[in-house]
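Following: one structure in structure tokens, then a few remarks.
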Amino acid sequence: MKTASSSSSSPHGFPATASLCTPYLLLVPLGLLAVVLVVPSLGSSHVRSDGLGVLCRAGPSAVDGYLVTPGGDAASAAAAAETKAVVRPELRLLVGVLTTPKRYERRNIVRLAYALQPAVPPGVAQVDVRFVFCRVADPVDAQLVALEATQHGDILVLNCTENMNDGKTHEYLSSVPRTFASSPYDYVMKTDDDTYLRVAALVDELRHKPRDDVYLGYGFAVGDDPMQFMHGMGYVVSWDVATWVSTNEDILRYNDTHGPEDLLVGKWLNIGRRGKNRYSLRPRMYDLNWDMDNFRPDTVVVHMLKDNRRWAAAFRYFNVTAGLQPSNLYHFP
């Protein structure tokens, strides 16, 4: 391997002690003249001088509008704010998809369901989707879920033992105001991994709703009031309602977190006189029937997608693959 030496050739190939010959000396004035005449004419929209004689391409200009970061966490948002002008959208919505660690295939389907939907116009809404677990105890699941978190940045792990109707929803609604205290949302949604949510349709509904004391979903009755409760397929509360749940010690004091979670949430809000602005989106939120023939073009939420066949039917009805380009690499019936 060659090493540097003080007696070696110069970078131009001349001996370090050699003198430049006369012809080269004659070229120096001509070179200086060329610099004076040519360099000022190089200015353009693509090239600039940094004042040190180095020419470099101008960087891209900042794009105005709201920047949606992949993870949506506070650190990513802070980093993005340094590089782009951030305009706050009309509303910010957190969607929590309650799932369990071993449902890897289902989460991949649901991710595609969100990723391939039409984009919400910039400045209208920021929608962040999180897959919500309790503590991941199994070491294999922990490693695989950690891979998902690394790749997608969409995992939220709660401090509870995995369950469906034994306090998980309460832990979710309680933890969100603390976890995202530095960057609060306008609305918090709870939904499941057998639910297909059409984001733009929900955003259109929320844009014209109050930002406080909201409880929205598929309303159903237990008693005389037709909208006492919202079905567990998916419901939305405003940030202040989630904050109230997180600070209401009576819910835990009376051990009122065990049982059907959608009925319990409605019970808490009814007793606490919260969520007074209640909106039912029936019939645009519904269960898919056995024959899978009750899809609606104005759907906000369709529930009971319990297997891949039912997910495929939903994607087919809503023409999710419309953007697929023809190719000789594949053919689908």
Side-chain angles (χ1 to χ4, degrees), residues 66-84 86-99 107 110-111 114-115 120 122-136 145-146 148-160 167-193 195 197 199 202-203 206-207 209-217 230 234-249 251-252 257 261 265 268-269 272 274-275 277:
Y66 192 78
L67 179 66
V68 179
T69 56
D73 56 278
S76 298
E82 294 180 0
T83 58
K84 284 191 176 183
V86 179
V87 178
R88 198 189 194 291
E90 292 180 28
L91 65 91
R92 299 181 69 237
L93 168 66
L94 175 67
V95 178
V97 181
L98 273 60
T99 183
R107 283 194 296 281
V110 176
R111 281 192 184 100
Y114 285 109
V120 177
V124 172
Q126 176 190 350
V127 180
D128 293 333
V129 178
R130 296 288 178 273
F131 292 94
V132 183
F133 309 86
C134 288
R135 289 186 299 272
V136 185
V145 172
E148 292 182 72
T150 302
Q151 175 64 30
H152 302 290
D154 60 1
I155 301 298
L156 175 60
V157 179
L158 308 174
N159 183 26
C160 55
K168 183 174 182 177
T169 296
H170 178 266
E171 184 64 28
Y172 166 61
L173 292 176
S174 296
S175 68
V176 162
R178 298 191 297 267
T179 303
F180 300 98
S182 63
S183 184
Y185 290 85
D186 296 298
Y187 301 105
V188 179
M189 182 176 194
K190 176 268 167 186
T191 188
D192 297 323
D193 64 6
T195 296
L197 164 66
V199 174
L202 179 60
V203 167
L206 292 174
R207 288 181 70 182
K209 300 292 189 291
R211 298 294 184 260
D212 298 311
D213 217 19
V214 169
Y215 183 30
L216 174 148
M230 300 297 171
Y235 48 82
V236 176
V237 298
S238 51
W239 186 259
D240 62 303
V241 172
T243 301
W244 176 82
V245 171
S246 73
T247 58
N248 189 326
E249 297 179 355
I251 296 174
L252 294 176
T257 61
E261 54 90 17
V265 171
W268 305 333
L269 302 189
R274 303 287 172 161
N277 296 314

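- In this structure, the side chain of Asp193 does not engage the main chain of Arg107 through any donor-acceptor pair within 3.5 Å.
- Arg92 places a side-chain N or O within donor-acceptor distance of the main-chain N or O of Ser183, the cut-off being under 3.5 Å.
- Of all heavy-atom pairs between Asn159 and Arg135, the closest is OD1-NH1, 2.6 Å.
- Between Arg88 and Asp186 there is a salt bridge, with a side-chain nitrogen of the basic residue lying less than 4.0 Å from a carboxylate oxygen of the acidic one.
- Within the model, atoms CG of Leu91 and OG of Ser238 stand 12.0 Å from one another, a figure rounded to the nearest 0.5 Å.
- Checking side-chain atoms of Arg274 against main-chain N and O of Trp268 turns up no donor-acceptor pair under 3.5 Å.
- Between Val237 and Trp244 the shortest side-chain heavy-atom distance does not fall below 4.5 Å.
- Side-chain contact check for Val214 versus Val241: every heavy-atom pair is 4.5 Å or farther apart.
- Asn248 contributes atom CG, which lies 7.0 Å from atom NE2 of His170 (distance to the nearest 0.5 angstrom).
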Chi angles and distances behind the side-chain contact (heavy atoms from CB on, under 4.5 Å) call for Val236, Leu202:
CA-CA 10 Å; Val236 176; Leu202 179 60; 4.3 Å; yes

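- Side-chain atoms of Leu197 and Thr191, non-hydrogen and from C-beta on, never get closer than 4.5 Å to each other.
- Residues Val245 and Ser174 meet the side-chain proximity criterion, which asks for heavy atoms closer than 4.5 Å.
- Counting heavy atoms from C-beta outward, Arg207 and Val124 have side chains that approach closer than 4.5 Å.
- Formation of a donor-acceptor pair under 3.5 Å by the Lys168 side chain with backbone atoms of Glu261 is not found in this model.
- With values rounded to the nearest 0.5 angstrom, Leu93 atom CG is found 7.5 Å from Met189 atom CE.
- Note that CD of Glu171 and CG of Leu98 are 11.0 Å apart. Values are rounded to the nearest 0.5 Å.
- A side-chain donor-acceptor contact under 3.5 Å links Ser246 to the backbone of Thr243.
- Contact between Tyr235 and Thr169 at its shortest, heavy atoms only, is OH-CG2, 3.2 Å.
- The distance from atom OH of Tyr172 to atom SG of Cys134, rounded to the nearest 0.5 Å, is 13.0 Å.
- For the atom pair CG (Asp128) and CG (Leu156), the distance works out to 11.5 Å, reported to the nearest 0.5 Å.
- You'll find the side chain of Lys190 stays beyond 4.5 Å of the side chain of Val265, heavy atoms only.
- Take Asp213 and apply the salt bridge (charged side-chain N to carboxylate O under 4.0 Å, His left out) test, not counting sequence neighbours, and it matches no residue.
- The side chain to side chain donor-acceptor pair (under 3.5 Å) search around Arg211 returns Tyr187, not counting sequence neighbours.
- Using a 4.5 Å heavy-atom threshold, the side chains of Val127 and Tyr114 count as separate.
- Scored by the ring pair (Phe, Tyr, Trp, His ring centres under 6.0 Å) test, Trp239 finds no partners at all (sequence neighbours excluded).
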